[in-house]
Amino acid sequence: MKIHEYQAKELFKQYGIKVPSSVLCTDRSEIESILKKVKMPCVIKAQVHSGARGKAGGVKLAKDYISAVETANNILGMELKSKQAGMKKVNKILIEDAVDIDKELYLSLTFDRANECIAFIISPLGGMDIEEAAKNSPDKIYTELINENFNPIETIKRLGFNEQINKQIKEIVNALYKLALEKDASLVEINPLVITKNNEVIAIDAKMNFDDNALFRHEDILALKDETEENPFELEAQKDGLNYIKLEGTIGCMVNGAGLAMATMDVIRLAGKDAANFLDVGGGASSEKIEKAFKLLISDKNLEGVFINIFGGILRCDFLAEGVKNAIKTLNVQCPVIVRMEGTNKEKGAEILNESGLKFTVVKDLNEAIEVIRKI
Ligand code: GDP
Ligand code: MN
């Protein structure tokens, strides 16, 4: 789960990490009264779940009250287009005291899956071009894999700042590490962490992602969820207990089990197409659940065809067939539907589909599936 910058900054404050003072604004009618109380210059920042807001025009410095009012009115309500997240409507802005920046650093804690630990990453090349920096000067990105006796100071010293700055950075890293562990964060990122002209170290941006599987034990974090930021298809799927992720391709797929779902996406690739989604209906799905999943699948406008690939273990193939048959009947599905079933009651399942009078292609194995999908 992702949260907004202003929410991450509240958590930072609780853990003693310095952030600029700020006010959140969600309504145009409040802009002027808020800005009358804010110190100038200030920074107006779009609050959307997306990186690279600066480049997309969602972060602007305003030098006085008049220009701040204009900028705030422009950003609140705008459609922000970013490379990372597509189009996002800005429903909230953060109005923040501007900071006099001397240097911009990059700092993060993230999972290192290959080494099965948390990695601490710091770089003197922070700011809006960190991706470029990572490509062109990888030697300036310092990474430390965290073990039980984590002390970030040696890595911090590589940046070449004085002791007073190093100490401040160290305190921030330690606080961030505590925050990440206590709240089950999967990512904490400060880009940029700035050194001000007065030699203070302040987080002027804040990004946090959390492990969805741990949210049950963090009511406070779960309460920060902003449903308007979630993909509406994915939100619907969550309500029905389906694991669904929207993708960009044209072949919808419905599968049980995450491993089989990934293998199925490979099969679609082998047929020269791309998956329109990842959809795992789970092991014990009922025919009603299958119907709901199918409804979700075909509400996708890009769809050219659907591939159903089910291993009938706990979920029996005849249940699956009933669910799919009902869905196709009620929803009046026009695109080709290819079904591959293996496991419990697969003959009965195939019979239900073949006798339904509806158009299905029941394939005997994945090789045949590839041939059929290729021709869509
Ligand atoms: P992002 O583009 O979504 O990562 O948004 P950031 O919060 O990182 O802001 C983008 C850039 O705006 C930063 O890298 C800074 O260069 C600049 N910026 C943000 N806040 C301030 C500020 O208080 N003072 C100044 N001078 N620049 C700022
Ligand atoms: Mn940033």
Side-chain angles (χ1 to χ4, degrees), residues 2-13 17-25 34-35 37-65 67-68 71-72 74-76 78-110 121-135 137 140-141 159 169 172 176 185 187-209 226 229:
K2 292 180 180 166
I3 60 172
H4 288 292
E5 172 193 9
Y6 77 92
Q7 296 168 320
K9 281 182 167 164
E10 281 304 316
L11 289 164
F12 282 12
K13 273 197 258 175
I17 298 167
K18 270 191 226 156
V19 297
S21 40
S22 62
V23 194
L24 185 73
C25 175
I34 290 174
L35 282 172
K37 292 184 221 136
V38 170
K39 266 196 266 166
M40 294 295 152
C42 72
V43 182
I44 317 278
K45 308 186 79 178
Q47 297 299 291
V48 286
H49 289 183
S50 160
R53 294 162 305 167
K55 283 192 176 154
V59 178
K60 290 251 157 79
L61 194 73
K63 58 183 189 315
D64 54 33
Y65 173 79
S67 60
T71 306
N74 287 340
I75 295 182
L76 187 59
M78 82 188 278
E79 294 278 343
L80 198 78
K81 187 166 183 248
S82 81
K83 248 204 242 165
Q84 293 179 2
M87 290 299 265
K88 288 259 164 124
K89 176 139 193 275
V90 180
N91 297 316
K92 295 173 187 157
I93 52 173
L94 191 65
I95 300 172
E96 198 164 70
D97 289 0
V99 172
D100 228 353
I101 300 177
D102 186 22
K103 290 204 170 60
E104 301 195 20
L105 316 180
Y106 173 91
L107 170 63
S108 71
L109 293 171
T110 181
I121 303 169
I122 192 161
S123 169
L125 304 177
M128 295 202 280
D129 290 316
I130 185 68
E131 277 89 6
E132 281 296 302
K135 228 186 288 161
S137 324
K140 287 274 167 47
I141 313 270
L159 298 175
I169 299 177
I172 291 171
L176 217 54
L187 171 74
V188 254
E189 184 182 83
I190 306 179
N191 184 34
L193 175 71
V194 304
I195 303 176
T196 67
K197 301 234 161 88
N198 305 324
N199 292 319
E200 258 189 309
V201 183
I202 302 181
I204 67 169
D205 195 6
K207 180 171 175 181
M208 288 194 80
N209 295 348
D226 181 351
E229 288 282 334

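Every number for a ligand or one of its atoms is a count from 1 in the order of the listing.
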Chi angles and distances behind the side-chain hydrogen bond (donor to acceptor under 3.5 Å, both in side chains) call for Ser67, Asp64: CA-CA 6 Å; Ser67 60; Asp64 54 33; 2.9 Å; yes

Identified side-chain contact (heavy atoms from CB on, under 4.5 Å) counterpart of Leu193 within the set Leu105, Leu176, Ile17: Leu105

Qualifying salt bridge (Lys or Arg N to Asp or Glu O under 4.0 Å) pairs with a residue from residues 42-51, counting only residues at least two apart or across chains: Glu5-Lys45

Considering all heavy atoms, the nearest Asn209-Lys2 contact: OD1-CG, 3.4 Å

Per-residue contact class, Asp100 against ligand 1 - non-hydrogen pairs under 4.0 Å: neither

Atom 17 (C) of ligand 1 within contact range, any protein heavy atom under 4.0 Å: no

Any N or O of Glu104 closer than 3.5 Å to N or O of ligand 1: yes

side-chain hydrogen bond (donor to acceptor under 3.5 Å, both in side chains) contacts touching residues 196-206 (sequence neighbours left out): Lys18-Glu200, Arg53-Asp205

Ile141 side chain near Ile130 side chain, heavy-atom distance below 4.5 Å: yes

Student check: side-chain heavy atoms of Ile95 and Val43 closer than 4.5 Å: no

Heavy atom of the protein closest to atom 9 (O) of ligand 1 (residue, atom name, distance): Val59 CG1, 3.8 Å

Closest protein heavy atom (residue, atom, distance) for atom 19 (C) of ligand 1: Ile204 CD1, 3.6 Å

Part of Ala52 within contact of ligand 1 (heavy atoms, under 4.0 Å): backbone

Atom 4 (O) of ligand 1: the protein heavy-atom neighbour that sits closest, reported with distance to 0.1 Å: Asp205 OD2, 3.1 Å

Taking atom 28 (C) of ligand 1 as the reference point, the nearest protein heavy atom with its distance: Ile101 CD1, 3.8 Å

Contact check, side chains of Ile202 and Pro20, non-hydrogen atoms, under 4.5 Å: yes

Shortest non-hydrogen contact between Glu229 and His49, atoms and distance: OE1-N, 2.9 Å

Criterion side-chain contact (heavy atoms from CB on, under 4.5 Å) on Ile121 and Thr110, from CA distance to verdict: CA-CA 8 Å; Ile121 303 169; Thr110 181; 3.9 Å; yes

Mode of Glu96 contact toward ligand 1 - side chain, backbone, both, neither (heavy atoms, under 4.0 Å): neither

From CA spacing to verdict: side-chain contact (heavy atoms from CB on, under 4.5 Å), Leu11, Met208: CA-CA 10 Å; Leu11 289 164; Met208 288 194 80; 3.8 Å; yes

Heteroatom distance test (Ala98, ligand 1): nitrogen or oxygen, under 3.5 angstrom: no

Verdict with supporting geometry, Ile204 and Ile101, side-chain contact (heavy atoms from CB on, under 4.5 Å): CA-CA 10 Å; Ile204 67 169; Ile101 300 177; 3.7 Å; yes

Nearest neighbour in protein (non-hydrogen) for atom 7 (O) of ligand 1: Lys45 NZ, 2.5 Å

Minimum-distance protein heavy atom relative to atom 5 (O) of ligand 1: Arg53 NH2, 3.2 Å

Metal environment of the Mn ion (ligand 2), protein N/O/S under 2.8 Å: Asn191 O, Asp205 OD2

Atoms in ligand 1 with a heavy atom of Val43 nearer than 4.0 Å: 20 (N), 21 (C), 22 (C), 23 (O)

Test of proximity, Ser50 against ligand 1: N or O pairs below 3.5 Å: no

Identity and distance of the protein heavy atom lying nearest atom 2 (O) of ligand 1: Gly54 N, 2.7 Å

Contact check, side chains of Ser22 and Lys9, non-hydrogen atoms, under 4.5 Å: no

Sequence-distant partners of Lys55, salt bridge (Lys or Arg N to Asp or Glu O under 4.0 Å), two or more places apart: Asp129

Val99 N/O under 3.5 Å from ligand 1 N/O: yes

Contact (N/O only, under 3.5 Å) between Glu5 and ligand 1: no

